[in-house]
Amino acid sequence: CSYTGKPPQPAASLAAATSGADNGSMKTMNRFLTTATACLAITMAAHAEDWPQYQGPRRDGVWRETGIVETLPATAEYRWRTPIGAGFAGPAVADGRVYLCDRMEPTGDQLSEYRWDKKDPVQGLERILCLDADTGAVVWKHEYPCRYTISYPSGPRATPTVCEGRVYCLGAMGDLLCLDAQTGRVVWSKNYVRDYGTEINPWGMAAAPLVDCERLIALVGGKQGAGVVAWNKETGVELWRALDCPDPGYSAPVMAQCGSRRQLLVWCPIGLYSLQPDSGNVFWHESADLKMGHSIASPVFDPDRRLVFATSFFNGPLMMQLDPEMSTARLLWKGESDIELPGRTQGLHGLMATPAFHGGYLYGVCSYGQLRCLEPQTGRRVWETFAATGEGRWATAFLVKHEDRFLLFNEHGELILARLSPKGYEEIGRMAVLEPTMKAGRRMVVWSPPAFAHRALFARNDKEIVCVDLAAPRPGKAE
């Protein structure tokens with residue numbers, strides 16, 4: 001869980017350990033090291049990378065697996081398709097399993113009615129499903145009754161977080177569960193309303209919890225300074241709490257490393273906060289007053305330029321510059337428009353899709369579907385296009401970077417492969433994957449973030465979860 005992304009280097013380690021060997025031994029050892037290194041390279045190349053939480057292994061929206069197609073096929077090649085219930089929560093893939101959350105009516109049917117208001121309670125069951133990553137077969141499921149009093153009551157919002165044999169799931173009404181990843185047995189649980197006095201916000205709890213060392217950290221929005229809470233990930237014992245933020249918003253926290261300091265970045269309706277991970281103490285913050293609690297997309301961090309960016313649908317963006325020596329930051333710029341009308345926004349008024357830094361620029365989807373490129377130091381808009389999403393209020397696409405290109409999973413259920421640069425949007429391929437099943441305004445959409453693992457796309461709507469092969473064709477055997 002403290003993964004640094006540095007591959008093992010056995011050759012260097014073994015060479016250092018045999019520095020006193022004689023020449024004959026060293027020749028033998030060198031042959032061994034050459035063979036061992038080659039075997040390691042083959043093993044690492046064949047290893048299937050997991051996607052154990054929202055935004056991937058490092059929660060940075062980057063897919064680092066190799067052997068992926070250079071362009072998309074005309075039609076999707078499904079490895080498997082499995083029926084499920086409704087929900088917004090994306091899948092997590094870890095240790096040969098797929099974990100996701102959905103919702104069913106008491107009869108066992110999928111929810112059939114989509115409503116924006118929360119006047120009438122909706123009865124039903126929330127479920128946590130574990131599937132075999134190779135076949136899509138259900139391995140186990142855990143379900144519990146959950147009465148919804150939220151808008152868009154189709155199902156859970158938060159992607160599960162998987163770490164060291166545990167899966168952590170957050171339901172829309174504040175049920176936080178730690179389960180044994182192999183069996184589905186509940187290890188410990190919390191309920192935000194019962195345990196912390198949280199008032200459920202209009203669209204339900206959506207901020208996927210984050211594992212950091214021995215801690216599980218989540219945005220709770222409870223009373224008595226429980227805006228953010230950390231528990232022991234094994235036992236559920238509370239370790240610390242921070243921030244007076246009664247409405248936690250919907251944004252998943254992320255970790256950033258700047259110089260020698262690790263910082264927990266929290267984007268909530270009262271502002272952008274940097275917290276000390278082991279205590280919850282505040283390093284720095286930039287205050288905000290977000291309309292309707294619209295902190296949804298996670299903050300993003302550019303380690304090369306020490307920039308932190310956060311965006312809101314109504315109130316717009318802000319960009320911070322971190323100090324490399326001190327745990328402080330200064331505001332570089334902030335959006336001055338407090339509206340989200342087409343053509344009148346400044347910077348990026350993002351909704352649910354987390355933006356991405358790439359090649360010294362920032363890319364993200366604005367409030368009416370505009371995929372935009374911004375100059376990070378100034379917020380100047382370089383270009384925009386509707387090609388990836390189509391125009392419409394809340395139109396969106398989830399961005400994941402892979403090597404020098406991006407995979408965009410849009411609300412039409414399409415996967416797009418494209419290059420993004422300050423020169424513009426260059427589409428390489430597009431493929432239909434899922435039927436849009438949720439009504440938003442006058443159109444049907446898919447609003448669930450995908451997972452990329454095992455050289456495949458894992459994506460869901462309100463009817464099914466699918467696994468689509470994205471592996472590059474294998475070269476023919478040599479003569």
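In this text, all values refer to a predicted model and were calculated from it rather than measured experimentally. Computed over heavy atoms, backbone and side chain alike; hydrogens, waters and symmetry mates excluded. Sequence positions, counted from 1, serve as the residue numbers for this chain.
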Side chain of [X], backbone of [Y]: donor and acceptor closer than 3.5 Å?
X    : Y    : value
E65  : R455 : yes
W80  : A133 : yes
E126 : A172 : yes
D462 : G87  : yes
D469 : A456 : no
E77  : L470 : no
Y78  : V433 : yes

Can you tell me how far the [atom1] atom of [X] sits from the [atom2] atom of [Y], to the nearest 0.5 Å?
X    : Y    : atom1 : atom2 : result
H142 : L129 : NE2   : CG    : 11.5 Å
E164 : K233 : CD    : NZ    : 3.5 Å
F309 : L348 : CZ    : CG    : 4.5 Å
D102 : K141 : CG    : NZ    : 9.0 Å
S154 : M438 : OG    : CE    : 6.0 Å
I465 : F458 : CD1   : CZ    : 7.5 Å

Side chains of [X] and [Y]: does their closest heavy-atom pair fall under 4.5 Å?
X    : Y    : result
E286 : V308 : no
L272 : P299 : yes
S295 : P269 : yes

Take E234 and R166 through the test salt bridge (charged side-chain N to carboxylate O under 4.0 Å, His left out) and record every step on the way to the result. CA-CA 8 Å; E234 298 292 337; R166 298 284 187 266; 3.8 Å; yes
Take D132 and R97, measure what salt bridge (charged side-chain N to carboxylate O under 4.0 Å, His left out) needs, and give me the verdict at the end. CA-CA 5 Å; D132 185 284; R97 305 282 180 88; 5.6 Å; no
Please tell me whether [X] and [Y] have a donor and an acceptor in their side chains that are separated by less than 3.5 angstrom.
X    : Y    : value
Q276 : R261 : no
D50  : H454 : yes
Q263 : W284 : yes

Have a look at Y196 and tell me which of K190, E238, R241 forms a side-chain hydrogen bond (donor to acceptor under 3.5 Å, both in side chains) with it.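 It is E238; the other options fail the test.
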Angle class for the [X]/[Y] ring planes (parallel below 30°, perpendicular above 60°, tilted otherwise)?
X    : Y    : answer
F313 : W394 : tilted
Y361 : Y363 : tilted
Y152 : F88  : perpendicular
W63  : H402 : tilted

Geometric cation-pi criterion, R103 with Y148: 6.0 Å, 45°: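 Because its charged atom sits under 6.0 Å from the ring centre and within 45° of the axis, R103 does stack over Y148.
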